[in-house]
Amino acid sequence: MLEIQRIRTEKEAVIEGLKKRNIDATATVEEILKKDQEWRESKSELESIAAELNQIAKEIGDLFKQGKQAEANAAKERTTSLKGKEAQLKEVVSGLENEIQQLMYTLPNVPNEQVKAGKNELDNEIVDEVGSKHIFDGEPLPHWELTKKYDLIDFELGVKITGAGFPVYKGKGAKLQRALIQFFLDEAEKAGYEEFIPPHVVNEASGIGTGQLPDKEGQMYHCTVDDLYLIPTAEVPLTNIYRDVILPDENFSIKMTGYTPCFRREAGSYGKDVRGLNRLHQFDKVEIVRIEHPDNTAKALDEMVEHVRGLLAKLGLHYRILRLCGGDTGFASAMTYDFEVFSAAQEKWLEVSSVSRFDTFQANRLKLRFKTADKKTQLAHTLNGSALALPRIVAALLENYQNADGSITIPEVLVPYTKFDKIG
RNA sequence: GGAGAGAUGGCAGAGUGGUCGAAUGCGGCGGUCUUGAAAACCGUUGACCUUCACGGGUCCGGGGGUUCGAAUCCCUCUCUCUCCGCCA
């Protein structure tokens, strides 16, 4: 959620910024400011009535103590009309607060100045591409054939047990999965991230804190009996560790990592790109999350990008980095870099990581703040990124590392984890 | 699932209708003393909204009610703890 203060003082900049998302927020912003003005007026009127009532109440207390019953009762009379007015104003004020809140929830984050205007993924900027396409002797097989051939992942079995999008990993397929998780966690730890194993189910307040709720309700699995949500990413529980927290001083840099399964309903995305591992309802991911002083955010984002680069380089994958355009940048994000690996058999790019800075957008909802040197409270900045999401990495590894004899080579960095260097 | 207890400031913990945003202790911060530190002593120490400011207002788990006045009384929800049962 944007800060109301920012809308008051930087109205034009906010509207201009949101245009990069292909959104004209003028009407909403004007509406917010109008209601905000009304709210402030009603609120101050309400407060002066409250002050008067407090004053009278105090007088009555004194009168009773002095035994001046009659005068006290007379004073009581004075309160009735004030109380009526107070009740009326209270309703107006809380009504306005609700309306403003609802409007505020509809506004996405203002893109960073580096973000280009654009409608959709076609307008994203390719900022770098590393590696080149594998040259194969024959036709490489797509990963869904490889997983079947070597009995690594059983999609049909998952359908039987749960439904589409819940694969069963077997044998070397399962081991490869575990190896990647371990490898990613070790790398994150080397980079200074502290490991967490958070709950995989969260409450409503946490969903609101990181911005999944209220708007994107349909994306999460909801356990209605207990009113809890399966996490769509470790970002939710990890970031919410710092909900309602005021860090004691401004010297902080919090770096967290965690592996969790991620659950996504992916409502409305059936039919396209859902083959094999490309899009699942449950998948594994190692996430990195940072909480930073606003002055340090740009640097932190760069470090996270470098970290993900390092992972892909070590795995020897051909990848590219995109800076998402305004229209493709997530609701809460101010700037996002997507990482895509090239899938040799499918001959297309697969997104494997998304690294974002949210600035104060999440912190505002989370009430995540810190104390400045002069003892003021100020919103902190949050960032997060996948490092990495497993399924498409697995897809790319299997497809790209096929050998002429049909076997699949395991990248050297993973061998200590898998304890085997070849499939097939 | 059954029975009971409870939710107060960073923590512990008092407070059952008016002077309580809240005693006291611990912790934190500043100071005195000291070569330095400890101890001792003194002071200070919540968040939010509004205002240029003075000031004003709100907050004692959430919501509602009674009252001139609620941390304190009533209703309701949520959560936590203890015991029993069940289970890893």
Side-chain angles (χ1 to χ4, degrees), chain A residues 1-9 32-104 197 199-209 213-214 222-229 237 240-252 254 291 360 362-380:
Chain A
M1 191 161 57
L2 294 173
E3 293 157 81
I4 184 81
Q5 198 60 37
R6 185 169 174 190
I7 294 178
R8 282 180 199 153
T9 57
I32 288 169
L33 288 174
K34 185 173 143 252
K35 289 192 190 300
D36 181 55
Q37 186 58 38
E38 283 173 39
W39 174 78
R40 280 192 282 178
E41 282 162 14
S42 305
K43 178 87 171 172
S44 95
E45 200 181 333
L46 173 64
E47 282 177 1
S48 64
I49 289 173
E52 205 174 328
L53 281 168
N54 286 344
Q55 187 54 42
I56 295 173
K58 209 168 274 181
E59 285 170 20
I60 292 173
D62 289 340
L63 290 172
F64 269 124
K65 240 170 278 169
Q66 294 164 27
K68 298 177 179 167
Q69 205 79 14
E71 285 177 52
N73 285 327
K76 279 190 195 181
E77 303 281 312
R78 283 198 285 147
T79 64
T80 44
S81 74
L82 280 173
K83 286 184 77 175
K85 248 172 144 182
E86 187 196 30
Q88 205 181 328
L89 273 168
K90 262 188 185 165
E91 219 158 290
V92 170
V93 166
S94 75
L96 283 167
E97 277 169 1
N98 264 323
E99 290 168 31
I100 292 167
Q101 176 97 144
Q102 291 311 313
L103 289 167
M104 294 292 287
I197 301 178
H200 299 168
V201 178
V202 295
N203 57 28
E204 187 188 19
S206 294
I208 290 171
L213 298 174
H222 186 192
C223 308
T224 50
V225 183
D226 299 294
D227 198 18
L228 296 171
Y229 297 85
N240 271 283
I241 290 172
Y242 285 89
R243 171 156 46 86
D244 288 321
V245 166
I246 299 177
L247 299 163
D249 61 67
E250 55 187 6
N251 302 311
F252 63 93
I254 293 158
I291 293 162
T360 58
Q362 288 184 328
N364 192 26
R365 287 195 182 187
L366 291 160
K367 294 195 173 62
L368 162 49
R369 294 161 292 178
F370 65 93
K371 286 281 187 191
T372 61
D374 56 343
K375 305 285 182 207
K376 296 250 195 310
T377 53
Q378 191 184 330
L379 292 171

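Because the structure is predicted, anything quoted here is derived from the model rather than measured. The sequence lines fix the lettering, A, B, ..., with proteins before strands; numbering per chain opens at 1.
If you check C60(B) for Watson-Crick or wobble pairing at under 3.5 angstrom, you find it has no partner at all. Nucleotide C52(B) forms a pair with no other nucleotide shown, judged by Watson-Crick or G-U wobble geometry with both contacts under 3.5 Å. Across all strands shown, A70(B) forms no Watson-Crick or G-U wobble pair with both distances under 3.5 Å. The pairing partner recorded for C81(B) is G4(B), the criterion being a Watson-Crick or G-U wobble arrangement whose two distances lie under 3.5 angstrom. Pair assignment for U24(B) gives A12(B), based on Watson-Crick or G-U wobble hydrogen-bonding distances that are each under 3.5 Å. Pairing partner, C41(B): G31(B), with both Watson-Crick or wobble hydrogen-bond distances short of 3.5 Å. Remark: C87(B) base-pairs with no nucleotide in the shown strands. Criterion, Watson-Crick or G-U wobble with two distances under 3.5 Å.
Checking Gln101(A) against Glu97(A) by side-chain atom types alone, no donor-acceptor pair falls below 3.5 Å.
When the C1' atom is compared between G62(B) and U8(B), the two are found 15 Å apart, to the nearest whole Å. Spacing between U58(B) and G64(B) at atom P, rounded to whole Å, works out to 15 Å. As rounded to the nearest Å, U67(B) and C75(B) have C1' atoms that lie 16 Å from one another. To the nearest whole angstrom, the two C1' atoms, one in C84(B) and one in A47(B), are 41 Å apart. Atom C1' of U76(B) sits at a distance of 37 Å from the matching atom of G55(B), rounded to the whole Å. One P atom belongs to G10(B), the other to G28(B), and the distance between them is 16 Å to the nearest Å. The gap from the C1' atom of G46(B) to that of G9(B) amounts to 6 Å, rounded to the nearest Å. Taking atom P on both A71(B) and U19(B), the two are 9 Å apart, rounded to the nearest angstrom.
Within a 6.0 Å radius of CD in Glu41(A), more than 12 heavy atoms belonging to other residues, nucleotides or ligands are found.
Rounded to an integer number of Å, the gap from Gln37(A) CD to U50(B) P is 12 Å. Here the C1' atom of nucleotide U67(B) and the CD atom of Glu86(A) are 13 Å apart, to the nearest Å. One interatomic measurement links the two molecules: CG of Asp244(A) to C1' of G9(B), which rounds to 15 Å at whole-angstrom precision. Rounded to whole Å, atom C1' of A47(B) lies 16 Å from atom CD of Gln378(A). Remark: C1' of C49(B) and CD of Glu41(A) are 16 Å apart, rounded to the nearest angstrom. Between the CD atom of Glu97(A) and the P atom of U50(B) there is a distance of 10 Å, rounded to whole Å. When rounded to the nearest whole Å, the span between NZ of Lys35(A) and C1' of C49(B) equals 20 Å. Taking atom CZ of Arg243(A) as the reference point, atom C1' of C79(B) lies 13 Å away to the nearest angstrom.
Glu47(A) CD to Leu89(A) CG: the interatomic distance, rounded to the nearest 0.5 Å, is 11.0 Å. Considering OG1 of Thr360(A) and CD of Gln378(A), their distance stands at 9.5 Å, rounded to 0.5 Å. Here the CE-CG distance, from Met1(A) to Leu366(A), works out to 10.0 Å after rounding to the nearest 0.5 Å. To the nearest 0.5 Å, the span separating CG on Leu53(A) from CD1 on Ile60(A) amounts to 9.5 Å. Here the straight-line distance linking atom NZ of Lys371(A) with atom CG of Leu247(A) works out to 11.0 Å at 0.5 Å rounding. For the atom pair OG (Ser94(A)) and CD (Glu99(A)), the distance works out to 9.5 Å, reported to the nearest 0.5 Å.
Comparing Arg369(A) and Asp226(A) by the nucleotide of RNA chain B whose heavy atom lies nearest to each, the residue mapping closer to the 5' end is Arg369(A). Where Trp39(A) and Glu47(A) meet RNA chain B, the nucleotide closest to each residue was compared, and Trp39(A) sits on the side nearer the 5' end.
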Name the pairs: protein N/O against N/O of nucleotides 27-31 of chain B, kept only if under 3.5 Å.
none

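Residues Tyr229(A) and Leu213(A) share a closest heavy-atom pair of CE1-CD1, 3.7 Å. Nearest heavy-atom pair, Glu38(A) versus Leu96(A), reported as atom, atom and distance to 0.1 Å: OE1-CD2, 3.6 Å. Nearest approach of Phe370(A) to Leu379(A), heavy atoms of both residues: CE2-O, 3.4 Å. Across all their heavy atoms, Ala380(A) and Phe252(A) have their closest contact at CB-CZ, 4.1 Å.
Put simply, Thr377(A) has a side-chain N or O that comes within less than 4.0 Å of OP1 or OP2 on C48(B). When the side-chain nitrogen and oxygen atoms of Arg40(A) are compared with OP1 and OP2 of U51(B), one or more of them lie within a distance under 4.0 Å. For the pair Lys83(A) and G69(B), the criterion of a side-chain N or O lying under 4.0 Å from OP1 or OP2 is met.
Comparing atom distances between the Lys371(A) side chain and each of C48(B), G46(B), U50(B) picks out G46(B) as nearest.
Within residues 48-60 of chain A, the residues approaching RNA chain B are Ala50(A), Ala51(A), Asn54(A), Ala57(A), Ile60(A), by heavy-atom distance under 4.0 Å.
Here Thr79(A) lies in heavy-atom contact (under 4.0 Å) with sugar-phosphate atoms only.
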